[in-house]
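Notes follow the structure.
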2 protein chains.
Amino acid sequence: MMDINKLKQLFPDLEEGLYNEMLERGTIKEVKAGETLLKVGQTIRSTMLILSGLVKLYREDDEGKEFFIYQLDAGQACSLSMVCAAKHKTSEVLAKALTDATVLSIPLEFMDQWMSKYKSWYQFVITSYRNRFEELLKTIDAIAFTGMDERLAYYLEKQVEKLGNNLKITHQEIANDLNSSREVISRLLKKMEAKGWLTIHRNSIGWIKKD
Amino acid sequence: MMDINKLKQLFPDLEEGLYNEMLERGTIKEVKAGETLLKVGQTIRSTMLILSGLVKLYREDDEGKEFFIYQLDAGQACSLSMVCAAKHKTSEVLAKALTDATVLSIPLEFMDQWMSKYKSWYQFVITSYRNRFEELLKTIDAIAFTGMDERLAYYLEKQVEKLGNNLKITHQEIANDLNSSREVISRLLKKMEAKGWLTIHRNSIGWIKKD
DNA sequence: AATCCTGTGTGACATATATCACGCCGGATG
DNA sequence: CATCCGGCGTGATATATGTCACACAGGATT
């Protein structure tokens, strides 16, 4: 159950009244691992705050290929859904639950209200935006400046940070996230294993590299 | 000379008092084409609003290679410099004037003040952020999903939009912006010329393609 | 045990892009 | 005019990555 204290832990530094209003106005949704929270093109009617679990965000191309851009932890929010100056904006990204997750869904109409009513809210929104922005820049660095090998290493490191050093993931899934192909990923993983960075198992990867 | 009416034209929908304060607090700076406005790692002490000209934003890698991410027109602002919850943040991007430009430089201390004082200001900041964010996503699409040919076309189209259909630019400059090499760009341009999309001249490119 | 199915390994090949080497051209400068 | 230099064209080649074909292994199902 979600009470105000948990909310405070997850989203510190907000105003008292805001916590109450969040609980009052929002609805809690449970999603299972693998489920889609938000599709590209879907009209955004509410904003989502992550209470537990991990949510992965993807960019999609015309043919439906999915490119992983970043993921959201508990205590974070989908920045894009928090600001809709023009109502009926549609989503630019695809959001999927990586693990089972709980999200607090708040109808958009409160966004504008809270922006002016709670100073702490717009600060939250703005720092949220800024942080996501910086992640995007890092993502761009990875694609623009480095090869698949470094991108893969960066990807795995991020996953390990969040999920611990025994990743339950297939080579194919990694390939999809990086918009590459299974064979390429397999070969690169092989090289990394040879360097002693990790161990390859069926359906999982054991991470060893310390730095 | 910058008066309040020009300011209103460039940045519509702000509050009366804000325009006055902008002129009062800000300093106007003139920069020549090619000059650097902001270096990576430089501490941000003020925010910049573009009054005239075009400013290009780059991401830099360790070896100093510059990757073009987007550009700012008159009436836009460097989003990253507008929010500095933590003071003494350093810049994540490199900003260079593409043409001669005029910018309004406003010390950071006013940012927080204005955020709470002027509703229109934080709306401006937020929509600014959102727009830049969407541009970043498009940039990611271009690198992640498409080849050099499409990226080049996209790049040229954007330039033409802002600068008209006679671009004064060298192949080398394009290559730098796209983190590619001159030869590749030259060859691709050749193909596009063959398709009748443009004409190649020394130091310039004439754009023909309508859509 | 025999069969399937999914994940993985691997070689051969295609393609895009980067890099190198060199030559050419045209405008600027002496 | 002669020279130089920056911008451009072009072939040869290297490398990274994507693609195809197929083999294999291990767990699950029958």
Side-chain angles (χ1 to χ4, degrees), chain A residues 33-34 61-68 139-156 159 166-195 197-207, chain B residues 33-34 61-68 139-156 159 166-195 197-207:
Chain A
D61 78 347
D62 343 304
E63 285 104 26
K65 274 193 293 186
E66 297 166 2
F67 184 82
F68 171 69
T139 302
I140 287 184
D141 288 349
I143 335 174
F145 295 127
T146 79
M148 219 44 213
D149 49 353
E150 282 189 55
R151 282 175 60 197
L152 177 57
Y154 175 63
Y155 173 87
L156 291 174
Q159 300 298 309
N166 188 31
L167 297 177
K168 282 183 57 184
I169 194 167
T170 69
H171 300 181
Q172 185 64 61
E173 287 167 335
I174 301 175
N176 291 341
D177 279 3
L178 297 179
N179 197 40
S180 176
S181 66
R182 181 190 61 79
E183 296 92 321
V184 172
I185 300 300
S186 283
R187 286 189 249 260
L188 290 175
L189 284 173
K190 214 88 214 283
K191 284 189 198 166
M192 295 168 87
E193 189 179 40
K195 288 190 202 166
W197 292 8
L198 47 76
T199 56
I200 301 175
H201 314 284
R202 190 188 180 81
N203 289 313
S204 79
I205 292 174
W207 188 253
Chain B
D61 79 348
D62 342 303
E63 286 105 25
K65 273 193 294 187
E66 298 165 3
F67 183 83
F68 171 67
T139 302
I140 287 184
D141 289 348
I143 335 175
F145 295 127
T146 79
M148 219 43 212
D149 48 355
E150 283 190 52
R151 285 175 58 199
L152 176 57
Y154 176 63
Y155 173 88
L156 291 174
Q159 299 299 309
N166 189 30
L167 297 177
K168 282 183 59 185
I169 194 167
T170 70
H171 301 182
Q172 185 64 61
E173 288 166 334
I174 299 175
N176 291 340
D177 279 2
L178 297 179
N179 197 39
S180 176
S181 65
R182 181 189 62 78
E183 295 92 322
V184 173
I185 300 301
S186 283
R187 285 189 252 259
L188 291 175
L189 283 174
K190 214 89 216 283
K191 285 188 198 168
M192 296 168 87
E193 189 179 40
K195 288 191 202 166
W197 293 7
L198 47 75
T199 55
I200 302 176
H201 314 283
R202 191 190 181 82
N203 288 315
S204 79
I205 292 174
W207 189 252

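Numbers restart at 1 for each chain; the letters A, B, ... are given by sequence-line order, proteins then strands. Every heavy atom of this structure was used, including side-chain atoms; hydrogens, water molecules and symmetry mates were not.
- Partners of Lys65(B) according to the side-chain contact (heavy atoms from CB on, under 4.5 Å) rule, which considers only residues two or more places apart in sequence or in another chain, are Phe145(A), Asp61(B), Asn179(B).
- The footprint of chain A on DNA chain D, defined by a heavy-atom cutoff below 4.0 Å, extends from dT17(D) to dG26(D).
- For Lys190(A), a side-chain nitrogen or oxygen approaches OP1 or OP2 of dT10(C) to under 4.0 Å.
- The nearest pair of heavy atoms linking Ala153(B) to Trp207(B) is O-CH2, 4.4 Å.
- The two atoms that bring Ser181(A) and Ala175(A) nearest to each other are C-CB, 3.5 Å, heavy atoms only.
- Nucleotide dT6(C) holds its C1' atom 12 Å from the CD atom of Glu173(A), rounded to whole Å.
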Taking distance alone, no hydrogens or angles, what donor-acceptor pairs closer than 3.5 Å link side-chain atoms of residues 182-191 of chain A to residues at least two apart or in another chain?
residue: Ser186(A); atom: OG; partner: His171(A); partner atom: ND1; Å: 2.8
residue: Ser186(A); atom: OG; partner: Arg182(A); partner atom: O; Å: 3.3

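- Residue pairs meeting the side-chain hydrogen bond (donor to acceptor under 3.5 Å, both in side chains) criterion with at least one member in residues 142-152 of chain B, sequence neighbours excluded, do not occur.
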Scan the side chains in residues 198-205 of chain B for donor-acceptor partners under 3.5 Å anywhere in the protein, sequence neighbours excluded, and list what turns up.
residue: Thr199(B); atom: OG1; partner: His201(B); partner atom: NE2; Å: 3.0

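- Across all non-hydrogen atoms, the minimal contact from Ile143(B) to Phe67(B) is CD1-CZ, 3.6 Å.
- Put simply, CD1 on Ile143(A) is 17 Å from C1' on dT17(C), counting in whole angstrom units.
- By the 4.5 Å heavy-atom criterion applied to side chains, Ile174(A) and Gln159(A) are not counted as neighbours.
- OP1 or OP2 of dT8(C) sits under 4.0 Å from a side-chain N or O of His171(A).
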- Note on the structure: Reading nucleotides 18-30 of chain C from 5' to 3' and marking B where a protein heavy atom lies under 4.0 Å of the base, S where only the sugar-phosphate is that close, and - otherwise, the string is BBBB---BB----
